Amino acid sequence: MSPGRTIATAGRVLLQIRHDPRTIGLLVVVPSLLIGLVAWIFEDTHVFQTIGPAMIALFPFIVMFLVTSITTLRERRTGTLERLLAMPLGKGDFIVGYALAFGLLGLIQSAIAVSFAVWVCGLDIEGSVWLLFAVSVADALLGTALGLLASAFARTEFQAVQFMPALVFPQILLGGIFVSRDSMPDVLRVIGDWLPLSHAIDALNAVANGTHDDGWVWTRIGFLGAWIVGAVIVGALTLRRRTA
């Protein structure tokens, strides 16, 4: 890998996205709108205070997964990836460049989503807003990394979307949003404890409710980081130049 080629790849991706206002809107605005919709639905109740932190994890994660997987796969289907890899660009440069570009967008997305949830929707935070932001960024990066991983195995954009039931839905169901993981059957609880979105939800809830100290939250962020690095490495190793 070359830092120069990786940064050049990230710059090319950002330049492409700058000319696509629909993708920018989907990445940056839609998660905040969905969080606002949930807050509006449960107006004058305590429900949003309970599920609001999980929504900060859920919507950005899903949007980053979808956009990253489809955008990356489109590069391969249009032959762009094959032409790039014919040059001195390596698979690692390509994947990490994409991760950097979408990671930067995820950082902006997280800043807007957290600010909107706290200062517009009125989500009460017992802990540090900055720590809430850090967890949200890690969660957006997780969606990016898993989207890159899904794109390496999919042949079409439709197949990339089909990875959602395999990679995203189980994490939502076992993440403790609908039922506490402690109340689940032992097998499901153990599986849920090893899924990264569960740790993002736990960390956001802990910051919002002030139930754990900063060290505990940073341990969860470290767990998310391990998943992110692992997904990027596997995505780079399994990336194909072109679809069949």
Side-chain angles (χ1 to χ4, degrees), residues 17 20-71 101-125 129-148 150 157 160-180 192 195-209 220 224 228:
I17 294 176
D20 187 352
R22 287 174 297 184
T23 299
I24 294 175
L26 181 62
L27 284 171
V28 176
V29 179
V30 170
S32 295
L33 291 179
L34 293 173
I35 291 171
L37 180 60
V38 173
W40 195 7
I41 291 172
F42 296 107
E43 188 180 19
D44 299 328
T45 72
H46 295 290
V47 175
F48 181 68
Q49 187 60 39
T50 303
I51 66 172
M55 297 300 103
I56 294 176
L58 190 60
F59 295 134
F61 173 77
I62 293 174
V63 169
M64 293 304 296
F65 177 88
L66 276 176
V67 173
T68 305
S69 59
I70 292 175
T71 303
F102 281 101
L104 178 61
L105 293 169
L107 190 149
I108 297 171
Q109 177 196 70
S110 298
I112 294 174
V114 169
S115 300
F116 190 80
V118 174
W119 288 301
V120 178
C121 299
L123 181 66
D124 291 330
I125 302 297
V129 173
W130 290 107
L131 193 55
L132 191 77
F133 173 67
V135 179
S136 178
V137 170
D139 177 66
L141 291 174
L142 175 67
T144 299
L146 292 181
L148 291 169
E157 288 87 346
V161 174
Q162 288 178 322
F163 272 101
M164 284 196 67
L167 293 178
V168 175
F169 290 171
Q171 297 194 61
I172 296 173
L173 293 174
L174 301 179
I177 297 176
F178 306 106
V179 178
S180 168
L195 296 177
L197 187 61
S198 301
H199 290 261
I201 294 170
D202 288 349
L204 289 168
N205 281 325
V207 175
N209 300 318
R220 268 59 193 173
L224 295 177
I228 293 167

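What you see is a predicted model; the values in this text were computed from it and never measured.
Leu174 places none of its side-chain heavy atoms less than 4.5 Å from the side chain of Phe169. Side chains of Leu132 and Val118 form a contact here, defined as non-hydrogen atoms less than 4.5 Å apart. Under the 4.5 Å side-chain criterion, counting only non-hydrogen atoms from C-beta, Phe48 is in contact with Val38.
Minimum interatomic distance between Phe163 and Phe65 (heavy atoms only, all atoms of both residues): CB-CZ, 4.1 Å. Here the closest heavy-atom approach between residue Pro196 and residue Leu142 is recorded as CB-CD2, 3.5 Å. Between Ile24 and Ile17, the closest heavy-atom pair is CD1-O, 3.3 Å. Taking both residues in full, the closest heavy atoms of Ile62 and Met164 are given as CG2-CE, 3.7 Å, listed atom of the first, atom of the second, then distance. The two atoms that bring Pro31 and Gln109 nearest to each other are CG-NE2, 3.4 Å, heavy atoms only.
With rounding to the nearest 0.5 Å, the separation of CD1 in Ile56 from CG in Leu123 is 5.5 Å. Taken to the nearest 0.5 Å, the CD1 atom of Ile228 stands 8.0 Å off from the OG1 atom of Thr144. Between atom CD1 of residue Ile35 and atom CZ of residue Phe116 there is a gap of 8.0 Å, rounded to the nearest 0.5 Å. Atoms CG and CG, on Leu224 and Asp139 in that order, are 7.0 Å from each other to the nearest 0.5 Å. The distance from the CD atom of Glu43 to the SG atom of Cys121 is 10.5 Å, given to the nearest 0.5 Å. To the nearest 0.5 angstrom, Thr50 atom OG1 is 11.0 Å from Met55 atom CE.
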Checking side-chain contact (heavy atoms from CB on, under 4.5 Å) for the pair Leu197/Leu58: CA distance, chi angles, key distance, verdict?
-> CA-CA 8 Å; Leu197 187 61; Leu58 190 60; 4.3 Å; yes

Apply side-chain contact (heavy atoms from CB on, under 4.5 Å) to the pair Leu141 and Met64, showing each step before the final yes or no.
-> CA-CA 8 Å; Leu141 291 174; Met64 293 304 296; over 6 Å; no

Going through the distances and angles, do Phe102 and Thr71 end up as a side-chain contact (heavy atoms from CB on, under 4.5 Å)?
-> CA-CA 10 Å; Phe102 281 101; Thr71 303; 4.0 Å; yes

Intermediate values then yes/no, side-chain contact (heavy atoms from CB on, under 4.5 Å), Gln171 and Phe61 = CA-CA 11 Å; Gln171 297 194 61; Phe61 173 77; 3.9 Å; yes

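Of the candidates Ile125, Val207, Leu204, Val207 is the only one forming a side-chain contact (heavy atoms from CB on, under 4.5 Å) with Leu131.
Under the side-chain contact (heavy atoms from CB on, under 4.5 Å) criterion, Ser110 pairs with Phe133, Ser136, Val137, Ala140, sequence neighbours left out.
Within the structure, the side-chain hydrogen bond (donor to acceptor under 3.5 Å, both in side chains) test picks out the following pairs touching residues 22-32 (sequence neighbours left out): Asp20-Thr23.
Looking at Ser69, its side chain never comes within 3.5 Å of a backbone N or O of Ala150 through a donor-acceptor pair.
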